[in-house]
Amino acid sequence: MVTDPAKRKKFVDHAVPFLQQYGFDGLDLDWEYPKCWQGNCKKGKDSEKKDFADWCDELKAAFKPHGLGLSAAVSASKTIIDAGYDVPRLAKSLDELNLMTYDFHGSWDKKTGHNAPMFPCEGDDIDFFNVDSAVKYWIAAGFPPRKIMLGLPIYGRSFKLDDPSNTGFHSPARDGGCAGKWTRAKGFLGYYEICQFLKEGWTKVQTPDCVVGPYAYKDNQWVGYDDVEAVKFKMNYVKENKLGGGMVWDVSMDDF
């Protein structure tokens, strides 16, 4: 659709009356990702970087007379940002940028790592896989800080430890943690499930300052996540860096 101007127009022409009919304030685009489909930058077409920017321009032009907002959920990976986003153009067309500053580490790494570390840590395989590096990269590329919404994960990435006695960062873990009772996905736990595990005796560990969010473990199960104190820290970061605000993924996984 995005690579065909006629199909883009059809989408735009349908979007405006749809949003108005149901009383929405605007539209959030969540394409993961232009050029880099599901993170693989060999799957998409080179033209998608320009096509996505064109689409955002067209949506913005159609939305503006009606007071409708336009935002996009975007990657925090420098590789994907370079391949898929024309940042200066998006800076003009988007009212908000929902920056997905999470999923930096997971069971795909085959070793433990935090879902959303704050800063680079010694021993990192990729030194820009952290919240601060992603924010600064988008700003340096030309996106206004006041329109950036910092992503806050209301879930954790979990692992099955190869050796239950080796419970720190970078510990071998060739598989995802057991699926939660309600979220039912291996390698993933909602915050409310993590809270329940802590009540049941999991050991919680405060991480180094570069990470901020804690991790917890029991037997061969391990999860890295953000707790209330980590969210407070990140919201202070938002204020100190004059960002637009924060967004969570997602409300349904908060501690009810």
Side-chain angles (χ1 to χ4, degrees), residues 76-77 99-135 150-238 240 246-256:
S77 165
L99 184 52
M100 294 189 282
T101 37
Y102 36 73
D103 292 343
F104 287 110
H105 299 289
S107 57
W108 52 85
D109 292 333
K110 307 303 180 186
K111 61 181 179 179
T112 58
H114 199 276
N115 183 30
M118 197 66 220
F119 303 105
C121 293
E122 188 175 347
D124 285 350
D125 290 338
I126 303 174
D127 60 7
F128 59 81
F129 268 23
N130 58 81
V131 174
D132 182 61
S133 294
V135 169
L150 188 71
L152 305 164
I154 312 297
Y155 66 94
R157 288 289 175 184
S158 64
F159 302 79
K160 180 181 179 182
L161 297 168
D162 290 2
D163 178 1
S165 66
N166 189 359
T167 59
F169 284 122
H170 312 302
S171 296
R174 282 173 289 181
D175 204 358
C178 293
K181 181 178 179 181
W182 295 282
T183 52
R184 297 179 294 184
K186 187 167 72 172
F188 181 101
L189 291 170
Y191 182 62
Y192 64 87
E193 291 173 319
I194 296 168
C195 290
Q196 188 65 40
F197 285 140
L198 293 172
K199 283 184 178 180
E200 294 171 2
W202 283 41
T203 300
K204 180 178 178 179
V205 179
Q206 292 303 136
T207 56
D209 290 344
C210 59
V211 179
V212 178
Y215 67 85
Y217 65 89
K218 184 178 182 182
D219 299 328
N220 66 354
Q221 297 297 299
W222 192 105
V223 63
Y225 62 100
D226 278 10
D227 61 2
V228 173
E229 293 306 312
V231 171
K232 287 180 181 177
F233 183 96
K234 290 181 178 181
M235 292 317 296
N236 282 326
Y237 175 91
V238 164
E240 289 166 5
M247 68 94 174
V248 299
W249 185 263
D250 68 27
V251 171
S252 70
M253 289 182 285
D254 201 355
D255 178 23
F256 52 77

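The first residue of the sequence shown is numbered 1, and numbering continues consecutively from there. Here the structure is a predicted model, which means the values were calculated and not measured.
Here the closest heavy-atom approach between residue Asp209 and residue Phe119 is recorded as O-CD1, 4.0 Å. Of all heavy-atom pairs between Thr101 and Ala116, the closest is O-CB, 3.5 Å. The two residues Thr183 and Phe188 come nearest to each other via the heavy atoms OG1-O, 3.8 Å. Residue Leu161 comes nearest to Ala173 through the heavy atom pair CA-CB, 4.3 Å, listed as atom of the first residue, atom of the second, then distance. Summarising the geometry of Asn115 relative to Gly224, their closest heavy-atom pair is CB-O, 3.8 Å, with the distance given to 0.1 Å. Contact detail for Ser133 and Asp127: the closest heavy-atom pair is OG-O, 3.8 Å.
Asp226 and Tyr191 share no donor-acceptor pair across their side chains, judged by distance under 3.5 Å alone. Looking only at atom types and distance, the side chain of Tyr155 has a donor-acceptor partner in the side chain of Asp103 under 3.5 Å away. No hydrogens or angles considered: nothing links the side chains of Ser158 and Gln221 as a donor-acceptor pair under 3.5 Å.
By the 4.5 Å heavy-atom criterion applied to side chains, Trp182 and Glu193 are counted as neighbours. Phe104 places a side-chain heavy atom less than 4.5 Å from the side chain of Pro117.
Around atom CD of Glu122, no more than 12 heavy atoms belonging to other residues, nucleotides or ligands sit under 6.0 Å away. Annotation for Lys111: atom NZ counts as buried by contact number, over 12 foreign heavy atoms lying within 6.0 Å. Heavy atoms of other residues, nucleotides or ligands lying less than 6.0 angstrom from CG of Asp163 number more than 12.
Going from atom SG of Cys210 over to atom CG of Asp124 covers 7.0 Å, rounded to the nearest 0.5 Å. Of the inter-residue distances, the one linking Met253 atom CE with Leu189 atom CG reads 10.5 Å to the nearest 0.5 angstrom. Going from atom OH of Tyr192 over to atom NZ of Lys181 covers 10.5 Å, rounded to the nearest 0.5 Å. Within the model, atoms NZ of Lys199 and CD of Gln196 stand 6.0 Å from one another, a figure rounded to the nearest 0.5 Å. Atoms NZ and CE, from Lys234 and Met118 in turn, are 6.5 Å apart once rounded to the nearest 0.5 Å. Taking CZ of Arg184 as the reference point, atom SG of Cys178 lies at 15.5 Å (rounded to 0.5 Å).
A donor-acceptor pair under 3.5 Å is absent between the side-chain atoms of Asp227 and the main chain of Pro214, judged by distance alone. A donor-acceptor pair is defined here as one N or O able to donate and one able to accept, closer than 3.5 Å; such a pair exists between the side chain of Thr112 and the backbone of Gly168. Although no hydrogens or angles enter the test, the distance criterion places no donor-acceptor pair under 3.5 Å between the side chain of Asp254 and the main chain of Val251. Side chain of His114 to main chain of His105: no donor-acceptor pair is present (N/O by atom type, distance under 3.5 Å, no hydrogens or angles).
Under the 4.0 Å criterion applied to side-chain N and carboxylate O atoms, Lys186 and Asp175 are assigned as salt-bridge partners.
In this structure, Trp202 has its ring center closer than 6.0 angstrom to the ring center of Phe197. Within the 6.0 Å centre-distance limit, the rings of Phe169 and Tyr215 are counted as a close aromatic pair.
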Checklist entry - Can you list the steps and then say if Leu99 with Val135 is a side-chain contact (heavy atoms from CB on, under 4.5 Å)? => result CA-CA 8 Å; Leu99 184 52; Val135 169; 3.9 Å; yes
Exercise. Take Met235 and Leu152 through the test side-chain contact (heavy atoms from CB on, under 4.5 Å) and record every step on the way to the result.
Key: CA-CA 9 Å; Met235 292 317 296; Leu152 305 164; 3.7 Å; yes
Intermediate values then yes/no, side-chain contact (heavy atoms from CB on, under 4.5 Å), Tyr217 and Val205: CA-CA 8 Å; Tyr217 65 89; Val205 179; 3.8 Å; yes
